[in-house]
Amino acid sequence: MIGSMEQYYNKIYRGGMKTLVRELTARIDSGRGSFVVTANPEIFMMGKNYAEMNEALLDENTLIVPDGIGVIKGGGTFGIKFKERIPGVEICGELLRYADRKHRSVYLFGAEQSVLEALVSRIQREYPGIELAGFTNGYVKDKDEIFQKITELEPDIVLVALGTPVQELLIHRFYRPDRPGLYMGVGGSFDILSGLKKRAPAFFIKCNLEWLYRIVREPKRLKRFWNSNVKFLFEVRKEKNGH
Ligand code: UDP
C-alpha cells in the first residue's frame, strides 16, 4: 500500500456546491490552473494501490470533492462530516452556465463520437455564449497527443470524460497549475449532459441511491461496485483501527 485514506480525507473539500463553484470560477477568472478530482471510493482504492494515482490525489494543487456517497459515509469513520455530496455532473452543469455567461472557452475530451456530437449541439443551442475550443471523442488511439494539443490551446475549462483512472492520470501528467485552465475528470457525465442517457430519478438522488439505480440499469457495474465501494469501507475501518 502506498497512500492512506486518512491523507485523502484530510484533503477533501468540506464546503458545499455553491462555495465550490464560486472558488472554481474565481480561479478561472484570475487565470490560475486547477485540477478537480470528483472522488468516489474507486479512485481512493486506486490511490492506495497505484503510485501515480496516489501522487495525483496528494498533489497540493489537486482539489478533491466528495462525489460518491461511499466517500461521504467513509468520512464518518474519521470523524469528518461533509456539508453535502457534490456530484461531478452537477459541477459540469454549473461550469457550463458560468462559461455561457462569461464567454469562456471549453474543450470536451471523451465519450463516443455520437454522444459528443449530441452534447456539442446542445451546447451550441443552449449555451451560445460558450466558445468551444474543440472536442475529441474518447476512442482516439493517441490520447497523449490530444492532451498535449489541448494544453497548448489553454482553454478556460477542460472536461475529460474518459472514465477513472485514465482521465485523472492524463490530467495529472499534462496540466500545469501555473497555466490557466480548469481540468476535471467527469466520467460518464457527457452521456447524461448530451441527453442520451438519463440520470437517476430525483427520488434516488435524494435518498443517496444513485449508485443503486446505475447498477440496476447496467448490471455489469456490480462487480466494479463490489471491488471499490464494499472493499473501500472495509479498508477505511481497517486503517482507522490501525491494522
Ligand atoms: N470512455 C471513453 N474512452 C474509453 C473508455 C471510456 O471515452 O476508452 C468514456 C465512455 O464512453 C463514457 C465514460 O468514458 O462516456 C466513462 O463512463 P462511466 O460511466 O464508466 O464513468 P463513471 O462515471 O462511472 O466514472
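Owing to the predicted nature of the structure, the values given are computational and were not obtained by experimental measurement. Counting starts at 1 for both ligands and their atoms, in listed order.
The 12-atom threshold is exceeded at OH of Y213, counting heavy atoms of other residues, nucleotides or ligands nearer than 6.0 Å. For NZ of K73, the number of neighbouring non-hydrogen atoms (other residues, nucleotides, ligands) closer than 6.0 Å is 12 at most.
Every pair tested for ring pair (Phe, Tyr, Trp, His ring centres under 6.0 Å) that includes a residue from residues 79-124 fails, sequence neighbours excluded, so the list is empty.
Looking at atom 20 (O) of ligand 1, its nearest protein heavy atom turns out to be R224 NH1, 3.3 Å. Annotation: atom 15 (O) of ligand 1 to nearest protein heavy atom, D191 OD1, 2.6 Å. Remark: minimum distance from atom 13 (C) of ligand 1 to any protein heavy atom is reached at G187 O, 3.5 Å. Annotation: atom 9 (C) of ligand 1 to nearest protein heavy atom, A161 O, 3.4 Å. When hydrogens are left out, the protein atom nearest atom 21 (O) of ligand 1 is G188 N, 3.3 Å; that is the closest non-hydrogen contact. With respect to atom 3 (N) of ligand 1, the closest heavy atom belonging to the protein is G138 O, 2.8 Å.
Contacts between R221 and ligand 1 below 4.0 angstrom, taking non-hydrogen atoms only, involve the side chain exclusively.
In this structure, K143 counts as a contact residue of ligand 1, since one of its heavy atoms falls inside 4.0 Å of the ligand. Residue contacts with ligand 1: R214 is included, with a non-hydrogen atom under 4.0 Å away. The shortest heavy-atom distance from Y139 to ligand 1 is under 4.0 Å.
Side-chain rings of F35 and Y183 stay apart, their centers remaining 6.0 Å or farther from each other.
Salt-bridge annotation for E42 and R224: present, with a side-chain N of the basic residue lying under 4.0 Å from a carboxylate O of the acidic one.
Not one N or O of G110 is nearer than 3.5 Å to an N or O of ligand 1, by distance alone.
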